**Student:** 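Here you go, one structure.
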Amino acid sequence: MSNRLDQLISHALDGRRSVHQFRQRRCVDPIDAVRVRVGPRELVNFCSNDYLGLAARYRDIVFSRTGYGAGASGLICGYTSEHAQAETELARWKGTESSILLPSGYQANLAAVQTLHAISEASGRGIRFIVDRLVHASLIDAIRQVEGWVGKSMTRVFPHNDVAKVRRLLEQADPNDTQVVVTESIFSMDGDAGDLENIAQLKSQYDFILLVDEAHATGLYGPDGAGLVAQLRLHEHVDVTITTLSKALGLVGGAVCGKQSLIESVINFGRAYIYSTSTPPLFASATRDAIQICRQEPNRRKRVLSLSRQVRSDLQEGGIDLFPGDSPIIPVLFHEESRAMEAARQLEDQGLLVLPVRPPTVPRGTSRLRITLSCEHSDSQVDQLIRAVLRIVSGLRSRTR
Ligand SMILES: Cc1ncc(COP(=O)(O)O)c(C=O)c1O
């Protein structure tokens with residue numbers, strides 16, 4: 001065993017421990033759609049992204065009917081008619097010409113950014129990414145990767161939702177560079193919406209590609225739960241839509257949606273697609289079930305959005321400041337890592353699982369409890385959560401005085 005490796009590990013991990021950022025996993029075993037077992041305890045889960053309670057639904061309907069592993073990448077023999085049908089159905093739902101499934105949302109973002117860079121390079125053009133400061137780590141990692149290939153920074157970050165800044169950056173753009181504006185429809189950690197309408201409006205004046213990550217809006221907003229881009233009727237303006245199957249659809253996987261030509265480009269240039277084994281056919285098949293459930297059971301998204309409005313208004317009435325919006329991602333900010341962790345510990349003692357989110361996942365000074373809701377939470381579970389959060393927040397605040 002290398003001493004050097006031991007030294008490197010202990011230095012890095014001790015650094016994390018000293019600032020309350022050391023991460024550890026625990027086994028969280030589902031009991032039903034909202035209850036989990038953690039060690040000896042049964043807890044109500046308020047930290048899953050399974051907003052529509054679908055993860056538990058598939059066991060009976062899908063497992064018996066299709067294969068598990070794809071066996072190879074899509075360009076070898078891992079693209080089955082299950083994938084083809086799911087991609088067609090997904091595109092129809094999202095209102096795009098086409099779509100392509102990837103094994104994760106992370107990979108979907110990687111493949112999309114790799115593709116935009118490659119097609120721009122093929123035309124002898126540079127590329128510049130104009131990125132909301134709060135976009136998901138997978139988008140940041142994707143852009144950093146292509147920057148590493150090129151050996152220079154190609155990113156301008158704008159303050160969250162600052163459309164005036166986006167406009168200034170577009171105004172100053174080098175005409176030899178392709179401009180790509182990157183944002184999300186519902187932000188994963190703040191739970192608020194991207195200012196998609198105003199960004200889309202800039203398209204009438206400036207030439208840019210618009211990439212929107214709909215990971216947390218898919219299944220919840222718009223006609224049949226197709227997403228916020230569909231709700232706002234912005235299809236014409238959004239060139240690249242990313243979705244995940246892993247949040248409201250309760251599965252695992254991601255997809256890039258857009259024009260047929262974009263999807264052909266991903267197949268040719270998206271290394272995260274080309275060099276990775278396809279999404280298991282099981283999940284491709286379940287994607288169609290998920291879309292059907294979204295179409296046929298609108299009460300799921302209505303209920304989770306109504307619970308979200310209730311929790312938001314009760315917490316605000318109790319004196320807690322929240323970010324704007326109505327999504328089921330409701331962060332309660334504590335600023336200090338240690339306080340967010342203490343609040344989570346106290347909630348767990350009361351039977352509620354809410355995880356603290358700390359830097360580097362969120363900016364320094366914005367540690368938080370990230371509460372997420374499911375349509376399967378009962379009214380009494382939600383009441384219990386609201387009462388516990390209000391009590392704990394006021395207890396922790398009075399301790400600082
Ligand atoms: C906004 C956003 N994009 C992409 C991803 C990655 O998706 P997946 O978990 O399917 O890899 C996530 C998940 O955490 C996310 O929140």
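Atoms within each ligand, like the ligands themselves, are counted from 1 in listed order. Quick caveat, the model's predicted, so the values are computed rather than measured. Basis for what follows: all heavy atoms, side chains included, without hydrogens, waters or symmetry-related copies.
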**Student:** Which residues pass the ring-ring contact (aromatic ring centres under 6.0 Å, His included) test with His20, sequence neighbours left out?
**Tutor:**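 In terms of ring-ring contact (aromatic ring centres under 6.0 Å, His included), with neighbours along the sequence ignored, His20 is linked to no residue.
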**Student:** Throw together a table of side-chain donor-acceptor distances under 3.5 angstrom for residues 96-105, partners on residues two or more places apart or in other chains.
**Tutor:**
unit_1: Thr96; atom_1: OG1; unit_2: Ser98; atom_2: O; d: 3.1
unit_1: Glu97; atom_1: OE1; unit_2: Gln260; atom_2: N; d: 2.9
unit_1: Ser98; atom_1: OG; unit_2: Gln260; atom_2: OE1; d: 3.3
unit_1: Ser99; atom_1: OG; unit_2: Glu87; atom_2: O; d: 2.9
unit_1: Ser104; atom_1: OG; unit_2: Tyr106; atom_2: N; d: 3.4
unit_1: Ser104; atom_1: OG; unit_2: Gln107; atom_2: N; d: 3.0

**Student:** How would you list, by chain and number, every residue that makes a side chain to side chain contact (heavy atoms under 4.5 Å, CB included) with Leu390, sequence neighbours excluded?
**Tutor:**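 By the side chain to side chain contact (heavy atoms under 4.5 Å, CB included) rule, Leu390 matches Leu315, Ile320, Ile386.
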**Student:** Can Arg339 be said to sit on top of Phe334's aromatic six-ring, NZ or CZ under 6.0 Å from centre and within 45° of the ring axis?
**Tutor:**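 No, Arg339 does not sit over the ring of Phe334.
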**Student:** Please tabulate, one line per pair, the protein nitrogen or oxygen atoms found under 3.5 angstrom from a nitrogen or oxygen of ligand 1, with distances to 0.1 Å, or say none if there are no such pairs.
**Tutor:**
unit_1: ligand 1; atom_1: 3 (N); unit_2: Asp213; atom_2: OD2; d: 2.6
unit_1: ligand 1; atom_1: 9 (O); unit_2: Lys247; atom_2: NZ; d: 3.2
unit_1: ligand 1; atom_1: 10 (O); unit_2: Gly105; atom_2: N; d: 2.8
unit_1: ligand 1; atom_1: 10 (O); unit_2: Ser246; atom_2: OG; d: 2.7
unit_1: ligand 1; atom_1: 11 (O); unit_2: Gly105; atom_2: N; d: 3.1
unit_1: ligand 1; atom_1: 11 (O); unit_2: Tyr106; atom_2: N; d: 2.9
unit_1: ligand 1; atom_1: 14 (O); unit_2: His136; atom_2: NE2; d: 3.1
unit_1: ligand 1; atom_1: 14 (O); unit_2: Lys247; atom_2: NZ; d: 3.0
unit_1: ligand 1; atom_1: 16 (O); unit_2: His216; atom_2: NE2; d: 2.7

**Student:** Are the side chains of Leu347 and Val389 in touch, meaning some heavy atoms are under 4.5 Å apart?
**Tutor:**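 Heavy-atom side-chain distance check passes, below 4.5 Å.
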**Student:** Does the distance from a Lys or Arg side-chain N to an Asp or Glu carboxylate O, for Glu236 and Lys203, drop under 4.0 Å?
**Tutor:**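 Salt bridge between Glu236 and Lys203, a charged N being under 4.0 Å from a carboxylate O: no.
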